[in-house]
Asker: 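Structure provided below as structure tokens; questions to follow.
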Amino acid sequence: MGSADPVPSLSFHPRTPILTCLDPATGLPAEIRERVKAMFYHAYDSYLENAFPYDELRPLTCDGHDTWGSFSLTLIDALDTLLILGNVSEFQRVVEVLQDNVDFDIDVNASVFETNIRGEDCLLRPLEESKIRGMQFSLQNTKGVVGGLLSAHLLSKKAGVEVEAGWPCSGPLLRMAEEAARKLLPAFQTPTGMPYGTVNLLHGVNPGETPVTCTAGIGTFIVEFATLSSLTGDPVFEEVARVALMRLWESRSDIGLVGNHIDVLTGKWVAQDAGIGAGVDSYFEYLVKGAILLQDKKLMAMFLEYNKAIRNYTRFDDWYLWVQMYKGTVSMPVFQSLEAYWPGLQSLIGDIDNAMRTFLNYYTVWKQFGGLPEFYNIPQGYTVEKREGYPLRPELIESAMYLYRATGDPTLLELGRDAVESIEKISKVECGFATIKDLRDHKLDNRMESFFLAETVKYLYLLFDPTNFIHNNGSTFDAVITPYGECILGAGGYIFNTEAHPIDPAALHCCRRLKEEQWEVEDLMREFYSLKRNRSRFQKKTMSSGPWEPPAGPETPSSPENHDQAREKSAKQKIPLLSCPSQPFTSKLALLGQVFLDSS
């Protein structure tokens, strides 16, 4: 920790060694993968039989309840998981069900009640600020619906769904995602451009709505909204997401930190705790993933600046504390379960050593309780009162999946196996899997949140399925014809949104309206095929045959004349192209592909 934040009085719970090793060569990963699949269907079938069309399953009473707007949220969240598990027929059936049943044009204020904003978005939000008047919805949760629909739309062809002409630039799921996203736009109409935290899907923002919004609720739109703008051609979605990101960046403290909650009307910080966990987490996540998805160096530079401040003021012995955003003094020496995404995020920028050290700290907590309590007091080495539960969150498993793809370290498979066994032993009931209310005595709560099927099970399955299409290294792909030319999809490099819905980054280049971008893509294709053909010719030449020369002639794709013309046409394009996934992991910002062209 930096000199601005001495904490000599803290005595941290020591790490314990990992004693056993799961060898991927033994065949056990395949066995565990089948157990994960069985977990999914036990939960999914229970939801269909007992809870559909409600949002979520109540596994202890074998019924359902609406939590975020009667969107059949669990079904939307589970849709791309079905395809990842290989269930094409059920994916196709659910797509039809959603098209026939989901309606966003509803007056949600008709039934008046109070509910709290979903925990993983603003867990630290004061209770009096987090109550929603009427039946309004957190933007983050409605945005999660947008992400699920976008992902399903882009995976539809792979799942054998009969897509309409013009796909992926059009389609029913895309139209549903756009409709849902437009319901959120009124929330961005503030003096700062930072959105309100909740919105009425029919009437917009309630006149009495609190202007206090958590940082994550402001800075977690760029992945979905930029994708939506690219596919529909309407720039408004990406524009409002970028403005919100920039206003947060401009509001950071002199020591480079952001707080937990801010007033979106005045731009003043209300909660000044700075950390990497609840209320802030997905803001940092989306700076990195937005940079990868959009090949945006500015977003990555912003994150790297934050990363320096986080290391200087919040890190201690590979744990991350909560500090005062202006002074850097410790405010809460706790680890939150939501912070377990951080090692996975570190792996995306190539910081593997630090990621593994922090991951092992978090893994010791899992070993201690059989799950991650919502809050863990680091000096005391125990849970925090009223935060002892584990609602089957995915974050540590998510980090294990990313790190295993980067390192192949079997310790990460150990965590996966432990997670499967803990969840099956503690949480499994007749009608699904129940939230663990208290990890100390394993009491259960009557809820199975939709992220269990969207994220937890998905990341577990991908951890033990190295040949899944999600892990494609570019060796296979699909070529589709769009109104704007040929498009390559399915080559890998998927970007997971914060609810683990995979977005194919190549899709963002399929529906571009700008001719300059089309010319640049054509230029790249000429270079690729020219190099491929010339490499083949070069290999056939003997050493005495003289130096290799490129083929000439105006008709050849690699003709310098044509090549220069293409380059002149695309000269105004400033964003570098996504390059082919042929570099080692250490040179990448994504799992499968280099993000920025190296001009050095």
Asker: When the ring planes of Phe225 and Phe237 are compared, do they come out parallel, tilted or perpendicular, using 30° and 60° as the limits?
Answerer: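 Ring orientation, 0 to 90° scale: perpendicular.
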Asker: Begin from the C-alpha positions of Tyr286 and Glu224 and carry the test side chain to side chain donor-acceptor pair (under 3.5 Å) through to its verdict.
Answerer: CA-CA 10 Å; Tyr286 269 39; Glu224 295 86 358; 2.6 Å; yes
Asker: Would you call Lys308-Glu305 a salt bridge at under 4.0 Å N-O?
Answerer: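 Glu305 and Lys308: salt-bridged.
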Asker: Suppose we screen for salt bridge (Lys or Arg N to Asp or Glu O under 4.0 Å). Which residues come up paired with Arg175, at least two apart in sequence or across chains?
Answerer: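 Residues passing salt bridge (Lys or Arg N to Asp or Glu O under 4.0 Å) with Arg175: Glu164.
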Asker: How long is the straight-line distance from OH of Tyr402 back to CD1 of Ile352, given to the nearest 0.5 Å?
Answerer: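 Result: 12.5 Å between the selected atoms.
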Asker: Kindly determine whether Asn497 and Ser151 satisfy side chain to side chain contact (heavy atoms under 4.5 Å, CB included), including the steps that lead there.
Answerer: CA-CA 9 Å; Asn497 83 337; Ser151 177; over 6 Å; no
Asker: So, does Asn206 use its side chain to make a donor-acceptor pair with the main chain of Gly208 at under 3.5 Å?
Answerer: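 Confirmed, Asn206 side chain pairs with Gly208 backbone.
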Asker: Would you say Tyr54 has more than 12 foreign heavy atoms packed within less than 6.0 Å of its OH?
Answerer: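 It does not: Tyr54 OH has 12 such atoms or fewer within range.
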Asker: Are the side chain of Asp80 and the backbone of Ala152 linked by a donor-acceptor contact shorter than 3.5 Å?
Answerer: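 It does not hold such a pair.
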Asker: State whether the side chain of Thr192 and the backbone N or O of Gly267 hold a donor-acceptor pair below 3.5 Å, judged by distance alone.
Answerer: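 Not a single qualifying donor-acceptor pair exists.
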Asker: Going through the checks in order, is the side chain to side chain contact (heavy atoms under 4.5 Å, CB included) test met by Ile349 and Met300?
Answerer: CA-CA 9 Å; Ile349 62 169; Met300 183 59 70; 4.1 Å; yes
Asker: Between Gly344 and Ser399, what is the shortest heavy-atom contact and its length?
Answerer: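 Scanning both residues, the minimum pair turns out to be N-OG, 2.9 Å.
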Asker: Sub-3.5 Å donor-acceptor pair from the side chain of Asp445 to the main-chain atoms of Arg447, do we have one?
Answerer: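 Here the side-chain-to-backbone pair does not exist.
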Asker: For the residue pair Tyr362 and Phe335, does the interplanar ring angle fall in the parallel (under 30°), tilted (30 to 60°) or perpendicular (over 60°) class?
Answerer: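 Aromatic pair Tyr362/Phe335 classed parallel.
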Asker: Check for a donor-acceptor pair, side chain of Asp318 on one end and backbone N or O of Arg357 on the other, with a separation under 3.5 Å.
Answerer: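 It does not hold such a pair.
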Asker: Looking at CG of Leu293 and CD1 of Ile495, how far apart are the two atoms once the value is rounded to the nearest 0.5 Å?
Answerer: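 Leu293 CG to Ile495 CD1: 6.0 Å, rounded to 0.5 Å.
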Asker: For Trp366 and Tyr390, I'd like to know if the aromatic rings sit close, meaning centre-to-centre distance below 6.0 Å.
Answerer: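 Ring-ring flag for Trp366/Tyr390: true, centres closer than 6.0 Å.
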Asker: Identify the heavy atoms of Ile276 and Tyr341 that sit nearest to each other, and give their distance.
Answerer: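 Ile276 and Tyr341 have their closest heavy atoms at O-OH, 2.9 Å.
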Asker: Would you confirm whether the ring centroid of Tyr306 sits within less than 6.0 angstrom of the ring centroid of Tyr283?
Answerer: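 Close enough - the centres of the two rings lie under 6.0 Å apart.
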Asker: Strictly by modelled atom types, are Gln324 and Tyr313 linked by a side-chain donor-acceptor pair under 3.5 Å?
Answerer: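 There is no such pair (donor and acceptor under 3.5 Å, judged by atom type) between the side chains of Gln324 and Tyr313.
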Asker: Taking Leu338's backbone N and O only, do any of them form a donor-acceptor pair with Glu395's side chain (distance below 3.5 Å, no angle check)?
Answerer: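 Judged by distance alone, no pair lies under 3.5 Å.
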Asker: Mind checking side chain to side chain donor-acceptor pair (under 3.5 Å) for Thr456 and listing every partner two or more places apart, or none if nothing turns up?
Answerer: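 Thr456 satisfies side chain to side chain donor-acceptor pair (under 3.5 Å) with no other residue.
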Asker: Nearest heavy-atom pair of Ile76 and Gly148: which atoms, and what distance?
Answerer: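 Closest approach of Ile76 to Gly148, heavy atoms only: CG2-CA, 4.3 Å.
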Asker: Quick one: do the Ser337 and Glu374 side chains pair a donor with an acceptor below 3.5 Å?
Answerer: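 Looking only at side-chain atoms, Glu374 and Ser337 do form a donor-acceptor pair, the distance falling under 3.5 Å.
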Asker: Look only at the side chain of Asn260 and the backbone of Ala278, and say whether a donor-acceptor pair between them is shorter than 3.5 Å.
Answerer: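 Yes.
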Asker: Distance alone, cut at 3.5 Å: any donor-acceptor contact between the side chains of Thr220 and Ser282?
Answerer: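 Their side chains do contain a donor-acceptor pair, which is all the 3.5 Å distance test asks for.
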Asker: Under the side-chain contact (heavy atoms from CB on, under 4.5 Å) test against Ile222, which residue among Asp296, Leu287, Leu294, Thr227 passes?
Answerer: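 By the side-chain contact (heavy atoms from CB on, under 4.5 Å) criterion, Ile222 pairs with just one of Asp296, Leu287, Leu294, Thr227: Leu294.
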Asker: Start with the C-alpha gap between Leu231 and Leu154, add the side-chain angles, then the distance that decides, and say whether side chain to side chain contact (heavy atoms under 4.5 Å, CB included) holds.
Answerer: CA-CA 10 Å; Leu231 294 178; Leu154 293 174; 4.0 Å; yes
Asker: Looking only at side-chain N and O atoms, does Trp322 offer a donor or acceptor that is under 3.5 Å from a partner on Glu339?
Answerer: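 Side-chain D/A pair, Glu339 to Trp322: present.
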Asker: If every non-hydrogen atom of Leu174 is compared with every non-hydrogen atom of Pro168, which pair is closest and at what distance?
Answerer: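 Of all heavy-atom pairs spanning Leu174 and Pro168, the closest is CD2-O, 3.8 Å.
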Asker: Have a look at Phe496 and tell me which of His501, Glu285, Lys458 forms a side-chain contact (heavy atoms from CB on, under 4.5 Å) with it.
Answerer: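 Of all the options given, the one that passes is Lys458.
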Asker: Does the pair Phe316 and Val330 meet the rule for a side chain to side chain contact (heavy atoms under 4.5 Å, CB included), with working shown?
Answerer: CA-CA 11 Å; Phe316 188 91; Val330 175; over 6 Å; no
Asker: Identify the residue among Asp77, Leu98, Leu201 that makes a side-chain contact (heavy atoms from CB on, under 4.5 Å) with Phe71.
Answerer: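 By the side-chain contact (heavy atoms from CB on, under 4.5 Å) criterion, Phe71 pairs with just one of Asp77, Leu98, Leu201: Leu201.
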Asker: Can you confirm whether the side chains of Thr198 and Glu209 place a donor and an acceptor under 3.5 Å from each other?
Answerer: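 Yes, Glu209 and Thr198 have a side-chain donor paired with an acceptor closer than 3.5 Å.
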Asker: Counting only heavy atoms from other residues, nucleotides and ligands, does the tally under 6.0 Å from CD of Glu385 exceed 12?
Answerer: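 Count not over threshold, so no.
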Asker: Closest approach of Thr358 and Pro343, non-hydrogen atoms and distance?
Answerer: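 Here Thr358 and Pro343 meet closest at CG2-CG, 4.0 Å.
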Asker: As a test of understanding, state which of Asp263, Val212, Val258 forms a side-chain contact (heavy atoms from CB on, under 4.5 Å) with Trp269.
Answerer: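 Testing each of Asp263, Val212, Val258 against Trp269, the sole residue satisfying side-chain contact (heavy atoms from CB on, under 4.5 Å) is Val258.
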Asker: Which atoms form the tightest heavy-atom contact between Ala340 and Leu372, and what is the distance?
Answerer: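 Heavy atoms only, the tightest pair is CB-CD1, 3.9 Å.
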Asker: In terms of SG positions, are Cys169 and Cys511 separated by less than 2.5 Å?
Answerer: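 Taking the criterion (SG atoms under 2.5 Å apart), Cys511 and Cys169 satisfy it, so yes.
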